[in-house]
Amino acid sequence: MELIWKELPGEHMIYSGLTQASVEGDIPLPEGRTLKEVLSCTGSVTLTDAAAKAGAVAVEGRVSVDVICTDGNVFAFSSHASFRHIIPAEGVREGMNAMVQPCLQSLELLNEGGRLYLNAVADMAVMVTAPGGIKVLSSISGVDDAEQDTKELTLACKAEVCSGSLRLREELEAPFASAVLYSEACAALRDVTPCANGLTLEGTLYISALVESRTGVLSQLCRAIPFTETVEGSGQSPLWGDVSVAAWDVRASEEFGMVIADVGLNYRIYGRTTASGSAAVDIFSPTLPFECLHSRLKPCSFLGCPTHRHSLTENVMLPEGLPDAQRVIYTAVRPLVTSSGMEGDRLAVEGLLFVRILYAGESGSIFAFNEDIPFSVETDAPGATDALISVRASASASGGGRSVELSCTVLLTACLYGAEYVTAVCGIEECPPRETSHGLMAYFPSSGETLYSVAKKYNTSRSNLRHCDPNLPEVLTGKERIVFMC
């Protein structure tokens with residue numbers, strides 16, 4: 001008797017979970033600047049590395065902060081604090097595929113006597129998969145009457161089609177702008193389609209800038225700019241992609257009455273490959289007594305990376321104690337996912353938008369306040385059981401008096417996976433012979449029973465059960481009568 005082994009195809013879910021990392025440190029001011037007041041602070045967390053280790057996932061990254069403040073004059077700057085974190089993850093081994101999606105859970109910038117101190121917490125959703133390589137028992141040679149129950153598997157794997165970078169240049173009409181004090185940029189892909197020259201990427205670039213006029217008036221320039229670019233690559237639909245802003249330069253061209261945005265984007269395009277196979281979930285022999293040892297596996301399929309755009313408007317009242325707003329100067333926003341889950345074939349995501357609104361009062365002084373806006377987004381996710389979620393947002397506000405109208409755009413990207421547990425045979429061990437009945441048997445199965453389960457129950461072969469009725473199906477309806485000799 002010899003055990004014949006095989007490897008299951010596709011990817012297998014090894015670990016998924018959520019953890020937090022704290023990040024603290026000093027944030028230096030730009031040279032020659034002093035600090036009077038922090039008007040606004042937003043930020044994000046970016047991972048520079050995520051690697052599977054023995055029983056853990058090691059991550060490295062940085063928390064970036066964008067600060068608008070004053071020392072008598074308004075100025076803005078960006079900085080960051082690096083961090084390393086070890087995430088315990090049972091069953092993980094070196095060389096596995098570790099995917100970590102970070103999100104800034106809290107951000108606090110403390111003014112300690114003119115020095116800035118960062119206190120932040122990053123949420124990190126972790127998913128670790130193993131590509132193939134999981135050995136299961138395929139069959140047993142030398143046992144001619146072995147009966148085997150198998151489960152057929154068809155799995156879809158994430159396959160990178162192409163990656164690269166591209167540059168976008170946009171000229172935005174802004175006759176009032178003489179200088180850009182601060183800017184933000186983010187982007188999202190809507191669609192990826194094959195074309196004669198490669199792949200066509202369609203998406204939207206979101207630009208937000210704090211601009212100053214020649215007379216010192218501050219205001220926000222906010223634009224959503226659609227783009228269509230053709231890049232080298234080939235693949236068959238469906239295709240998905242993610243895009244990130246690598247660098248941007250937003251500057252005023254007062255002579256021509258415009259703001260010029262030069263943005264560099266990194267993109268990565270994915271497709272799917274499929275793999276089929278079967279796993280033995282049980283084996284027995286009517287003549288050779290043994291028991292199967294089982295291992296619980298979780299094969300998973302990559303289902304795509306849809307991006308969903310959600311817009312919302314909210315009428316926001318100024319807090320008591322603050323003077324009336326003459327006009328809004330700038331609106332900054334940071335999104336946070338508070339819960340997510342599958343509801344049928346839909347992915348439901350809930351979260352908060354942490355909004356900071358700067359406005360000028362009737363006196364010309366600048367005031368600021370916070371507002372937390374809940375959001376709820378749903379997107380199609382047929383067959384998905386797990387998702388890595390990324391949320392970005394942009395915002396602007398207008399109005400005056402005791403209220404302002406807030407407009408927000410939420411960009412949700414979800415990397416979807418469908419996984420199910422499979423209990424596969426991973427070995428056998430000897431056992432005492434089974435007690436079996438003898439004689440002519442008549443069995444009336446229940447609906448959903450299988451010919452395999454009946455054969456194992458009576459320690460006989462499926463061919464013996466089919467001796468009187470060769471057309472018996474493997475999955476029984478409950479209307480059959482099985483007559484056989486034991």
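Shown here is Gln236, whose CD atom has no more than 12 heavy atoms of other residues, nucleotides or ligands within 6.0 Å.
Inter-residue side-chain proximity for Thr230 and Cys195 is flagged as met; some heavy-atom pair is nearer than 4.5 Å. Using a 4.5 Å cut-off on side-chain heavy atoms (C-beta onward), His294 and Val425 make contact. Using a 4.5 Å heavy-atom cutoff, the side chains of Tyr206 and Leu411 are in contact. Counting heavy atoms from C-beta on, the side chains of Asn97 and Thr129 come closer than 4.5 Å. Considering only heavy atoms from C-beta on, Asp242 stays 4.5 Å or farther from Leu189 through its side chain. With contacts defined as side-chain heavy-atom distances shorter than 4.5 Å, the pair Glu152/Thr154 does not qualify. Contact of the Asp49 side chain with the Leu47 side chain is not registered, since no non-hydrogen atoms from C-beta on lie closer than 4.5 Å.
A salt bridge does not link Lys298 with Glu420: none of the charged nitrogens is closer than 4.0 Å to a carboxylate oxygen. The pair Arg115-Asp26 counts as a salt bridge, with a side-chain nitrogen and a carboxylate oxygen less than 4.0 angstrom apart.
Across all non-hydrogen atoms, the minimal contact from Ile27 to Ser79 is CG2-CB, 3.7 Å.
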Please determine whether side chain to side chain donor-acceptor pair (under 3.5 Å) holds for the pair Asp123 and Gln20, giving the CA-CA distance in whole Å, both sets of side-chain angles, and the decisive distance to 0.1 Å. CA-CA 5 Å; Asp123 286 343; Gln20 289 187 334; 2.8 Å; yes

Might you work through the side chain to side chain donor-acceptor pair (under 3.5 Å) test for Glu24 and Tyr117, ending with a clear yes or no? CA-CA 7 Å; Glu24 300 178 346; Tyr117 185 79; 3.2 Å; yes

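Remark: Phe367 pairs with Tyr359 by the ring pair (Phe, Tyr, Trp, His ring centres under 6.0 Å) rule, at least two apart or across chains. Asp324 is linked by a side-chain hydrogen bond (donor to acceptor under 3.5 Å, both in side chains) to Arg402, counting only residues two or more places apart in sequence or in another chain.
Interatomic distance, Lys151 NZ to Asp282 CG, rounded to the nearest 0.5 Å: 14.0 Å. Here Cys41 contributes atom SG and Phe354 contributes atom CZ; the two are 13.0 Å apart, rounded to the nearest 0.5 Å.
Between the side chains of Ser244 and Asn266, no donor-acceptor pair is found at a separation under 3.5 Å. In this structure, a donor-acceptor pair under 3.5 Å is present between the side chains of Tyr330 and Ser208. A donor-acceptor contact under 3.5 angstrom links the side chains of Thr413 and Arg392, judged on distance only. If you check the side chains of Thr307 and Arg190, you find no donor sitting under 3.5 Å from an acceptor.
Judged by the 6.0 Å and 45° rule, Arg62 forms no cation-pi pair with Phe83.
With Arg33 as the partner, the side chain to side chain donor-acceptor pair (under 3.5 Å) test is satisfied by one option alone out of Asn73, Thr70, Asp71: Asp71.
A donor-acceptor contact shorter than 3.5 Å is absent between the side chain of Ser183 and the backbone of Ala209.
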